[in-house]
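Here is the structure we will look at.
Lettering of chains follows the sequences in order, A, B, ..., and the numbering in each one begins at 1.
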Amino acid sequence: NAGVTQTPKFQVLKTGQSMTLQCAQDMNHEYMSWYRQDPGMGLRLIHYSVGAGITDQGEVPNGYNVSRSTTEDFPLRLLSAAPSQTSVYFCASRGFVQGKPKETQYFGPGTRLLVL
Amino acid sequence: GENVEQHPSTLSVQEGDSAVIKCTYSDSASNYFPWYKQELGKRPQLIIDIRSNVGEKKDQRIAVTLNKTAKHFSLHITETQPEDSAVYFCAASSGGGTSYGKLTFGQGTILTVHP
């Protein structure tokens with residue numbers, strides 16, 4: 001299993017540009033989420049999904065859109081990038097894995113985004 | 001919603017000493033409390049978690065304690081080693097049984113272990 005994968009690893013955008021951060025998991029997990037990580041502020045939830053076709057807002061959803069057409073994929077879209085969106089973005093999936101009796105949340109490797 | 005406060009923000013110890021990181025939470029319905037370790041440039045990795053039906057859980061040099069009355073929980077690392085140096089995050093969530101809801105994270109603690 002690849003676990004949770006994210007692309008790209010690093011991206012530079014100009015203010016106003018749009019882009020999509022990709023996230024995929026091969027563990028058949030229903031629950032997926034996006035976080036942003038800024039210095040001194042921990043991990044803040046942007047959007048999450050409890051299954052295909054179902055998404056909801058987290059703590060800091062403004063400026064971001066998501067959709068969940070399949071169980072495996074959960075892309076995050078920035079429609080008009082702003083410097084305040086410079087951050088490290090982590091995708092996570094949560095569910096059962098072999099050998100563990102309860103749900104566990106796993107993070108992807110992250111995407112570093114710089115908006116100029 | 002849930003609010004999680006984590007202290008201290010930085011912690012420096014000598015190799016072999018113990019390290020303690022504390023978190024408080026606001027939502028009395030929260031019943032799942034994981035701890036994540038994040039090394040520089042890497043993703044957060046789960047190191048230990050505890051559910052509200054127990055007061056303490058141990059895994060080798062790492063232990064977590066939970067006080068539901070006071071709404072706080074702590075991470076204890078004994079016999080620290082330089083490779084324990086990282087950022088540690090606590091989190092809290094409500095949920096039932098084997099599943100749980102949205103995780104709210106603390107602000108993180110930078111732990112430095114000096115050889």
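More than 12 heavy atoms of other shown residues, nucleotides or ligands fall within 6.0 angstrom of atom CD in A:Q17. More than 12 heavy-atom neighbours from other residues, nucleotides or ligands sit within 6.0 angstrom of CD on B:E83.
To the nearest 0.5 angstrom, A:R94 atom CZ is 6.0 Å from B:S93 atom OG. In this structure, OH in A:Y31 is found 6.5 Å from CG in B:L103, a value given to the nearest 0.5 Å. To the nearest 0.5 Å, atom CD of residue A:Q57 and atom NZ of residue B:K102 are 9.5 Å apart.
When heavy atoms are compared at a cutoff of 4.5 Å, A:L43 approaches chain B by way of both its backbone and its side chain. Using a 4.5 Å cut-off between heavy atoms, A:Q37 touches chain B through its side chain atoms alone. Neither the backbone nor the side chain of B:Q45 comes within contact range of chain A; no heavy atom of the residue lies under 4.5 Å from a heavy atom of that chain. With a 4.5 angstrom heavy-atom cutoff, A:F107 touches chain B via backbone and side-chain atoms both. Of the atoms belonging to A:R112, it is side-chain heavy atoms, and not backbone ones, that fall under 4.5 Å from chain B.
Each of A:Y48 and A:L76 belongs to its own hydrophobic cluster when Ile, Leu, Val, Met, Phe, Trp and Tyr are linked at side-chain heavy-atom distances under 4.5 angstrom. The hydrophobic clustering, which links ILVMFWY residues whose side-chain heavy atoms are closer than 4.5 Å, places B:Y32 and B:V4 apart. Using a 4.5 Å cut-off between side-chain heavy atoms of Ile, Leu, Val, Met, Phe, Trp and Tyr, with links allowed through other members, A:Y35 and A:V66 fall into different hydrophobic clusters. With hydrophobic clusters built from ILVMFWY side chains whose heavy atoms lie under 4.5 angstrom apart, B:L40 does not share a cluster with B:I110. The hydrophobic clustering, which links ILVMFWY residues whose side-chain heavy atoms are closer than 4.5 Å, places A:L78 and A:M32 together.
The heavy-atom pair separating B:R43 from A:F90 by the smallest distance is CA-CE2, 3.7 Å.
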